[in-house]
2 protein chains.
Amino acid sequence: MVTPNQLAEVAAAIGEPARAAMLVALMDGRALTAGELAEVAAVTPQTASGHLAKMVAAHLIVGEKQGRHRYHRLAGADVAVLIESMMRIGGGGPALRKPLRVGPRDAALRAARTCYDHLAGQLGVRISDALVAMGAVEIEGDNGLVTRRGLELMAEVGIALPVHPRPRAPRPLCRPCLDWSERRPHIAGQLGAALCAHAFERAWVRRIGGSRALEVTPHGKTALREAFGIRTDG
Amino acid sequence: MVTPNQLAEVAAAIGEPARAAMLVALMDGRALTAGELAEVAAVTPQTASGHLAKMVAAHLIVGEKQGRHRYHRLAGADVAVLIESMMRIGGGGPALRKPLRVGPRDAALRAARTCYDHLAGQLGVRISDALVAMGAVEIEGDNGLVTRRGLELMAEVGIALPVHPRPRAPRPLCRPCLDWSERRPHIAGQLGAALCAHAFERAWVRRIGGSRALEVTPHGKTALREAFGIRTDG
DNA sequence: GTGATCCTTCGCTTCGCACCGAACCATCCC
DNA sequence: GGGATGGTTCGGTGCGAAGCGAAGGATCAC
């Protein structure tokens, strides 16, 4: 039998403006402190503490204590895609009224953004397409895998991946994630996270105004073309 | 800029036990009257009326007046997959604790069920695979299309589809829908709905105890093998 | 027409919970 | 040690919403 009450609990944990604001702030995959989350939600620290406890109990976020700070992040990519699909229903209007014009209206968000811990938007999809075309990864339906050639390529570029990629690992090496705006898969999983981290470390991309939107740096344009043959102008 | 408040509105519209129960009852794609929904939610009709109005305002369901009855159904397949993914988070526990064992625990639900208005579960995925193998449909990422050969095949089997399948129609002819338990795409859209309706009309399948779970009838096993070459025993 | 059924609107009560002030732990810095 | 900073716990207040009873359309059956 299914569970209507559990459904209500999860939804109720999201359905409050302050908590929703916190979740949106966590959508980029970063871990934020309780105080920072209190600020983005415009509530006092003690109120935020209660909200965070509720969301942890609902398995939406996880908290980790570090010194006198407590960092919170989304419990998983599942939560991120859940929230994105909810925003699509709420923002884009009903599917029956306006079937077109899905995705964020902000052009910058459509061009490039982070989705949980990996790259999304046109940039994410282009990288994904390029890796498929190069035979580095294979994507079929809901499953994805990194080929031997892909492992070599990542090593060349300098992206570290686990040496023994076990199947059925706690976190898959490569997993397709449906892109919100492009409606096509981009690469998530450990490979997606590693690519994203690498892009930040080498300053291929940087956040626009601390948001989820990204811009590709001039140096990044060159590096992306050399590494994966991707054109990012246009 | 993104919209935390719209997110909260949608979630709040789901996050109440009575409303969640109604949505779960509508998950099979049928349209239920306000009175029936009041019963499944265990509230009085006047309370249910208020709940239904809220969910209509949140674009989760749509209401249609017929005589003195008012039928309500989910606003779209988007809503159905949203609710399924929410139940996955709430029911299966956090993704970090038990990464395996996704999908409904009920074996019958895994085998065959309805998802909104089309077939899902092993049965749905097998039909989808068979149609792809026969060249009747093509699925690529988030897009799907019915080939000329597929139209011929449907005509042979006796499944009616719109004669002029316009691209960008208000509802796509064929759309892949990620299967909850199988984690692979099955066929939704108008073709998926037509297939499901046909399977019910010809008594290929029937509901188990009025739930979303389906069983394939002996006659259905034969018909599915003849029409699409699908084995349903095992 | 009259009665019955289905649904909605109105008024009211009650309960939950978001919010903050104050006080209380934990940790870091000096 | 003392002080400062980040978080949490504890009461208490107030708003909002879920719930039902009663009354009011709307539609069908006769």
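In the text below, chain A, chain B and the rest are named by the order of the sequence lines, each starting its count at 1. Predicted, not measured: the structure shown is a model, and the values here were computed from it.
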Anything under 3.5 Å between a donor and an acceptor, one on a side chain of residues 39-47 of chain B, the other on a protein residue two or more places apart or in another chain? List them.
from	atom 1	to	atom 2	distance (Å)
B/Thr44	OG1	B/Thr47	OG1	3.1

Among residues two or more places apart or on two chains, list those pairs meeting side-chain hydrogen bond (donor to acceptor under 3.5 Å, both in side chains) that have a residue in residues 10-22 of chain A.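 Found A/Arg19-A/His51.
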Those residues at least two apart in sequence (or on a different chain) that pass side-chain hydrogen bond (donor to acceptor under 3.5 Å, both in side chains) with A/Ser49 are none
What residues, two or more places apart in sequence or in another chain, satisfy side-chain hydrogen bond (donor to acceptor under 3.5 Å, both in side chains) together with A/Thr33?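 Counting only residues at least two positions away or on another chain, A/Thr33 forms a side-chain hydrogen bond (donor to acceptor under 3.5 Å, both in side chains) with A/Glu36.
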Chain A contact limits on DNA chain D, taken 5' to 3' with a cut-off of 4.0 angstrom to heavy atoms: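 Taking any atom under 4.0 Å from a heavy atom of chain A, the span is D/dA4 to D/dT9.
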Tell me the interatomic distance from B/Leu37, atom CG, to C/dC7, atom C1', rounded to whole angstroms. 13 Å
Look only at the side chain of B/Thr114 and the backbone of B/Asp117, and say whether a donor-acceptor pair between them is shorter than 3.5 Å. no
Among B/Ile208, B/Leu109, B/Leu119, the one residue meeting side-chain contact (heavy atoms from CB on, under 4.5 Å) with B/Leu214: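 The option that passes is B/Leu119.
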Pairing residues for A/Arg68 by the salt bridge (charged side-chain N to carboxylate O under 4.0 Å, His left out) criterion, not counting sequence neighbours: none
By salt bridge (charged side-chain N to carboxylate O under 4.0 Å, His left out), A/Arg202 pairs with (sequence neighbours left out) none
At under 4.0 Å between heavy atoms, which parts of nucleotides 14-20 of chain C does protein reach? Answer with one letter per nucleotide, 5' to 3': B base, S sugar-phosphate only, - none. ----SSB
Run the side-chain contact (heavy atoms from CB on, under 4.5 Å) test against B/Gln66 and tell me which residues pass, sequence neighbours left out. B/Glu64, B/Tyr71
Closest contact, heavy atoms only, B/Ile89 versus A/His59: CG2-O, 4.4 Å
Listed partners of B/His198 passing ring pair (Phe, Tyr, Trp, His ring centres under 6.0 Å), at least two apart: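 If we apply the ring pair (Phe, Tyr, Trp, His ring centres under 6.0 Å) test to B/His198, skipping adjacent residues, the hits are B/Trp204.
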Using the 3.5 Å cut-off, write out each protein N or O paired with an N or O of nucleotides 23-30 of chain C and the distance between them.
none

How bent is the helix from C/dG1-D/dC30 to C/dC30-D/dG1, comparing axes over its five end pairs at each side, to the nearest 10°?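 Inter-axis angle at the termini of the helix from C/dG1-D/dC30 to C/dC30-D/dG1: 30°.
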From B/Arg212 CZ over to B/Arg207 CZ, what is the distance, rounded to the nearest 0.5 angstrom?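 So the CZ of B/Arg212 and the CZ of B/Arg207 are separated by 9.5 Å.
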